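Structure incoming, see below.
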Amino acid sequence: MQAIPFGTKTVTLAKNEEQIFWLKLGGIYLLSWLITYFDMGTPVRVIGFLVILVFALQSYLNAATAVLLVVIIHFYGGLLEGLPGMDPVRVLFIPFFIFSVRRPAIRKFPMGDHVAIIFLISIVSLKITADILEVIQDVPLSGGQTEKKGLLNILVGYYQITAVILFFYFSFTRLTIYEIKKLFNALLIFAAFQAVTLLYIVYQNPQVVLERETLGAAGLLDKQILWRNPYFGHKNDWGMLLAFVVIVLIVRLILSAKSFYKAERKYFVIIMIFCALTVAISLSRQAYVWTILGSVMIAFGTKNIRYFIVLIIAVAAILITRPKFIMDRMETMLNVSSAEDFQQLNRKVSDQAWDQAVSNWQWHPRMFFVDWEYNYSEGFWNGMLHQQGILGFLFHIYIYIFLLLRYFAFYKHSNQKLSLYGLLGIILVFLMFFACFNRRSTHILHYKGFFTQINVLLLFMFCYIELVRYAVKKKLSEIQYL
């Protein structure tokens, strides 16, 4: 039995109830995946969704977990495909909202007012400018997408964004610290579900990784499984998502060595192994670099000798075994000898991309006086500049500088847990900033005005870090659960 403080009361949770909770989640994911993988008909899809809905109606924590599940895993967006207007996030938010208004708040939103305001301004401004662009021009998301959004779709987009924002607000003001910690663990487990599924898909088609040079980068099978996976999206998106998860897990492992939940360590290790292996088979160079860079930054930031040794052993194992699929991807980048070679390797830094970025450097957003053109850098900064101009760029730079200074203050705090989470915040902000040069999804919102899985993960982590600061400030004993 586990005693959990809840206000002035103590709630006792049976250990088997915890196990049942996780088994239910595993069963729900497996059922949803089989329905999606075998492309079952609408009646079966509806039954699968009703199972999730029944789970969500059982408790407030279940409702929050169900919303997080369908937001963070890509293929759930198509679970109700064939039913016009039906979307899992929109539907599951309704019971979550009802639970939320019926449960009183037990704390203020832990994120400081200033942080919450600048985040809201960023999200709302990006959504509005994206919609203005949709209204005045035919704006596809990519070169192969040509449809234009209707007014109804734009309005539904506001509902979806509001649902995600309120999900964070209600979860972090009404759930107990123990429940939030459980929601955090669910997030990590959902990442593990994705990782295991992707490993299975590649296991079924190993040639896309082991014989990629034979297939060629344009090979149809290669594109279907890695480049544009039908269940989890583009390899750089799920690769980067899992790279961020690996970095978060390293911090959790360091903390769990001395925490109340030391027993969870083995589960964190298993999840991290699956996520790291999936990053490896993603063939995403940026995911490789970000994972290594984040790991090294943690090593230097913590000065943890044991972790240094583990990191050295991991790097040595890669250098000794030299997996061909990893070496082939990295050597093409490491063997670059000139700017021209690098531009040929990565079209996102081509002269065309640079010229477009320079053209977007305008006080008046360029979207108002030029026809739409593809974002050649494929980066957040370039897309946001096109929509918001220099003023928007300066505001978002301010957000990153403010967050870096804030988390550096956390890092210098005497509380070891807050210090380590402050270091995590610094690393996430640092990687986000530079990833935004050639990734659309590594800010807190896509510049096209919608949340991606990476956005949700990053927002969750920022709220969680702020909750740790709140617990330290209020000297709450429940901080042991975070």
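Computed from heavy atoms alone, side chains included, the values below leave out hydrogens, waters and symmetry copies. Just so we're clear, the structure is a prediction, and the values are computed from it rather than from any experiment. One is the number of the first residue; the rest follow in order along the sequence.
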**Message:** Looking at every non-hydrogen atom in both residues, tell me the closest pair between Asp237 and Ile454 and how far apart they are.
**Reply:** O-CD1, 3.5 Å
**Request:** For Gln58 and Lys24, test the side chains for any donor-to-acceptor distance below 3.5 angstrom and give the result as yes or no.
**Result:** yes
**Request:** Determine, using ring centers only, whether Tyr464 and Phe184 are less than 6.0 Å apart.
**Result:** yes
**Request:** Compute the centroid of each ring, for Phe410 and then for Tyr407, and state whether the two points are separated by less than 6.0 Å.
**Result:** yes
**Asked** Which pair of heavy atoms, one from Leu404 and one from Phe430, lies closest together, and at what distance?
**Response** CD2-N, 4.4 Å
**Request:** Can you see which heavy atom on Ala191 is nearest to which on Leu242, and at what distance?
**Result:** O-CD2, 3.8 Å
**Asked** Out of curiosity, Phe380 CZ to Asn455 CG, how far, rounded to the nearest 0.5 Å?
**Response** 9.0 Å
**Item:** Side-chain donor-acceptor pair present, His396, Tyr447, cut-off under 3.5 Å
**Value:** no
**Prompt:** Can you find a heavy atom in the side chain of Leu61 that is under 4.5 Å from one in the side chain of Lys182?
**Reply:** yes
**Request:** Search all heavy atoms of Leu166 against all heavy atoms of Phe96 and return the closest pair with its distance.
**Result:** O-CE2, 4.1 Å
**Residues that Asp87 engages under side-chain contact (heavy atoms from CB on, under 4.5 Å), provided they are two or more places apart** = Val89, Arg90, Gln160
**Step-by-step side-chain hydrogen bond (donor to acceptor under 3.5 Å, both in side chains) determination, Thr197 to Tyr29** = CA-CA 10 Å; Thr197 307; Tyr29 177 82; 2.6 Å; yes
**Request:** Identify the two heavy atoms, one from Met384 and one from Leu126, that lie closest to each other, and give their separation to 0.1 Å.
**Result:** CG-CD2, 3.8 Å
**Asked** Between the side chains of Gln286 and Asn438, does any donor sit under 3.5 Å from an acceptor?
**Response** yes
**Complete:** Rounding to 0.5 Å, atoms CZ (Arg469) and CG (Leu418) come to a distance of 8.5 Å
**Asked** Should the pair Phe21 and Phe55 be assigned to parallel (<30°), tilted (30 to 60°) or perpendicular (>60°) ring geometry?
**Response** tilted
**Complete:** Value for OG (Ser171) from CZ (Phe460), rounded to nearest 0.5 Å, stands at 7.5 Å
Under 3.5 Å donor-acceptor pairs involving side-chain atoms of residues 69-84, not counting sequence neighbours:
unit_1 : atom_1 : unit_2 : atom_2 : d
His74  : ND1    : Tyr231 : O      : 3.3
Tyr76  : OH     : Ser32  : OG     : 3.0

**Asked** According to the salt bridge (Lys or Arg N to Asp or Glu O under 4.0 Å) rule, which pairs have a member within residues 29-40, sequence neighbours left out?
**Response** Asp39-Arg45
**Asked** Do Asn62 and Thr65 get their side chains close enough for a donor-acceptor pair, meaning under 3.5 Å?
**Response** no
**Request:** Verify, without hydrogens or angle tests, whether Arg440 (side chain) and Gly379 (backbone) share a donor-acceptor contact under 3.5 angstrom.
**Result:** no
**Prompt:** What do you reckon, is CZ of Phe170 surrounded by more than 12 foreign heavy atoms closer than 6.0 Å?
**Reply:** yes
**Asked** Can you tell me if Asn375 and Ser377 form a side-chain donor-acceptor pair at under 3.5 Å?
**Response** yes
**Request:** Enter the distance from Trp381:CH2 to Arg439:CZ here, rounded to the nearest 0.5 Å.
**Result:** 15.5 Å
**Message:** I'd like to know if Glu466 pairs up with Lys108 as an ion pair, taking the criterion as any Lys NZ or Arg NE/NH1/NH2 lying under 4.0 Å from an Asp or Glu carboxylate oxygen.
**Reply:** no
**Request:** Kindly determine whether Glu478 and Lys181 satisfy salt bridge (charged side-chain N to carboxylate O under 4.0 Å, His left out), including the steps that lead there.
**Result:** CA-CA 10 Å; Glu478 293 95 327; Lys181 173 258 179 188; over 6 Å; no
**Prompt:** Looking at CZ of Arg252 and CE of Met272, how far apart are the two atoms once the value is rounded to the nearest 0.5 Å?
**Reply:** 13.5 Å
**Message:** If you compare all heavy atoms of Asn185 against all heavy atoms of Trp22, which two are closest, and at what distance to 0.1 Å?
**Reply:** CB-CH2, 4.0 Å
**Spacing of OH belonging to Tyr169 relative to CZ belonging to Phe109, to within rounding of 0.5 Å** = 8.5 Å
**Message:** Can you classify the ring geometry of Phe437 versus Phe433 as parallel (below 30°), tilted (30 to 60°) or perpendicular (above 60°)?
**Reply:** perpendicular
**Prompt:** So is Lys127 actually on top of Tyr158's ring, under 6.0 Å and inside 45° of the axis?
**Reply:** yes
**Request:** From the options Phe119, Tyr400, Phe450, Phe462, select the one residue that forms a ring-ring contact (aromatic ring centres under 6.0 Å, His included) with His443.
**Result:** Tyr400
